[in-house]
Amino acid sequence: MIAPLKRCNPDGAANHSAKAAIVARACRLIEQSETEPSLAKLAAGAGLSTSHFHRLFKSVTGVTPKNYACAHRATRVRQGLARGDSVTGTIYEAGFNSSGRFYEQSTRMLGMTPSQYRSGGCDEDIRFAVGQSSLGAILVASSRKGVASISLGDDPDVLVRDLQDRFPNARLIGADKAYEELVARVVGLVETPGIGLGLPMDVRGTAFQRRVWQALQEIPAGQTASYADIARKIGAPKAVRAVAGACAANHLAVAIPCHRVVRNDGTLSGYAWGVERKRALLEREAAETR
DNA sequence: GGTTCTCTGCCGC
DNA sequence: GCGGCAGAGAACC
């Protein structure tokens with residue numbers, strides 16, 4: 001079921017931009033502070049109560065102030081490490097007050113240890129293989145933590161090049177017999193999407209992207225949802241564009257079923273691996289569940 | 001393990 | 001639209 005869109009009136013628009021300005025100010029405050037400002041401090045800066053400010057912030061950005069601050073801190077860590085700064089220096093620069101706390105979170109935040117990240121993931125092994133499915137070439141790649149990438153395309157070489165671009169300094173290990181079996185399993189998922197992957201996944205994204213991807217996995221095969229439906233489901237009804245962005249950032253074709261997200265009017269909208277593949281997957285799922 | 005903070009739901013103005 | 005309170009849970013020390 002799709003709720004009718006609310007019509008904007010000029011007052012509403014002005015009101016909305018005033019809210020956006022308050023939240024934007026709070027975002028700048030978070031970004032410019034040495035240490036993470038408390039919710040009370042942010043609310044006071046906005047001239048609102050903590051509870052109301054919290055709700056307002058989440059309605060505009062789609063994430064809580066705490067989440068926003070965490071994401072910003074993670075960005076600072078990535079930038080620091082990418083510049084080649086020392087791990088310890090970067091930790092304190094980014095506002096972590098103890099290295100223990102940082103290491104506790106770093107693997108989740110970076111997908112690897114800080115020193116591995118600093119060297120461009122060069123200590124990371126990525127196993128991969130290319131197979132053929134009814135939708136064309138399919139590339140599956142895994143880190144030690146699980147399946148990290150599933151992509152579809154016409155040309156296997158292009159898929160491999162894209163993988164290299166995504167993991168520029170990792171060791172890419174191809175053509176391994178045991179791994180081919182895993183690829184066969186993913187091909188099976190493409191042919192019969194309803195069965196589910198049933199394999200550990202190494203999902204790398206921001207907190208917000210993960211929430212969106214989790215919501216996508218909860219759409220049953222044979223059904224579709226709109227971007228607005230997903231935004232509502234994750235508790236951020238206004239973050240429709242951000243949801244679309246998160247869908248586009250998905251690297252796990254079919255396993256994270258972003259193909260089940262369509263426009264409000266039911267038309268298909270875009271698909272990173274080609275709209276025709278999206279159409280084929282949806283038709284397949286509809287037939288499966290009939 | 002206790003304390004503080006965040007987050008959400010609910011209610012009243 | 002907003003404030004405030006309560007309670008659960010996470011984060012911190």
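Reckoned from all heavy atoms, side chains included, excluding hydrogens, waters and symmetry mates. Naming convention: chains lettered A, B, ... in sequence-line order (proteins, then strands); numbering from 1 in each chain.
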Engineer: What one-letter contact string describes nucleotides 8-13 of chain B from 5' to 3', where B marks a base within less than 4.0 Å of any protein heavy atom, S marks contact via sugar-phosphate atoms alone, and - marks no contact?
Structural biologist: SBB---
Engineer: Taking CG from A/L56 and C1' from C/dG3, how many angstroms apart are they, rounded to a whole number?
Structural biologist: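 Answer to the nearest Å: 14 Å.
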Engineer: Is there a donor-acceptor pair closer than 3.5 Å between any side-chain N or O of A/D165 and the backbone N or O of A/D162?
Structural biologist: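 Such a contact is absent between A/D165 side chain and A/D162 backbone.
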Engineer: What are the two closest non-hydrogen atoms of A/I150 and A/W273, and how far apart are they?
Structural biologist: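 In this case the closest contact between A/I150 and A/W273 is O-CZ2, 3.7 Å.
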Engineer: So do A/R260 and A/L216 actually touch side chain to side chain, heavy atoms under 4.5 Å?
Structural biologist: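 A side-chain contact under 4.5 Å is absent here.
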Engineer: Quickly work out the A/N67 CG to B/dC7 C1' distance and round it to whole Å.
Structural biologist: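 From A/N67 CG to B/dC7 C1': 10 Å.
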Engineer: Would you name the heavy atoms of A/A137 and A/V130 that are closest together and state the gap between them?
Structural biologist: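 Heavy atoms only, the tightest pair is CB-CG1, 4.4 Å.
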Engineer: Mind calculating the distance between NZ (A/K66) and C1' (B/dT6) to the nearest angstrom?
Structural biologist: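 Those two atoms, NZ and C1', are 8 Å apart.
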Engineer: Kindly indicate whether the side chain of A/Q132, heavy atoms from C-beta on, has any atom under 4.5 Å from the side chain of A/V187.
Structural biologist: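 No; the side chains remain at least 4.5 Å from each other.
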Engineer: Looking at A/V254 and A/Y271, what are the two nearest heavy atoms and their distance?
Structural biologist: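 Shortest heavy-atom separation between A/V254 and A/Y271 comes out as N-OH, 4.2 Å.
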Engineer: Quickly work out the A/R73 CZ to C/dA11 C1' distance and round it to whole Å.
Structural biologist: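 About 11 Å, once rounded to whole Å.
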Engineer: Could you tell me how far apart A/F57 (CZ) and B/dT6 (P) are, to the nearest whole angstrom?
Structural biologist: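 Roughly 13 Å, once rounded to whole Å.
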Engineer: Round to the nearest Å and state the distance from A/E36 atom CD to C/dC12 atom C1'.
Structural biologist: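 So the CD-C1' distance, A/E36 to C/dC12, works out to 12 Å.
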Engineer: Report the distance from atom CG of A/L48 to atom C1' of C/dG1, rounded to the nearest whole Å.
Structural biologist: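 In whole Å, C/dG1 C1' lies 10 Å from A/L48 CG.
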Engineer: Just the rounded figure in Å: distance from C1' of B/dC5 to CG of A/L39.
Structural biologist: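 Rounded to whole Å, this separation is 8 Å.
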Engineer: What's touching nucleotides 7-9 of chain C from the protein side, N or O pairs under 3.5 Å?
Structural biologist:
none

Engineer: Using a 3.5 Å distance criterion without hydrogens, assess whether the side chain of A/K278 forms a donor-acceptor pair with backbone atoms of A/V261.
Structural biologist: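 Checked: pair present.
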Engineer: Go through A/Y179 and A/S142 one step at a time and tell me if the side-chain contact (heavy atoms from CB on, under 4.5 Å) criterion holds.
Structural biologist: CA-CA 9 Å; A/Y179 198 72; A/S142 302; 2.6 Å; yes
Engineer: Among residues at least two apart in sequence or on other chains, which ones pass side chain to side chain donor-acceptor pair (under 3.5 Å) with A/S134?
Structural biologist: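 Counting only residues at least two positions away or on another chain, A/S134 forms a side chain to side chain donor-acceptor pair (under 3.5 Å) with A/E191, A/R284.
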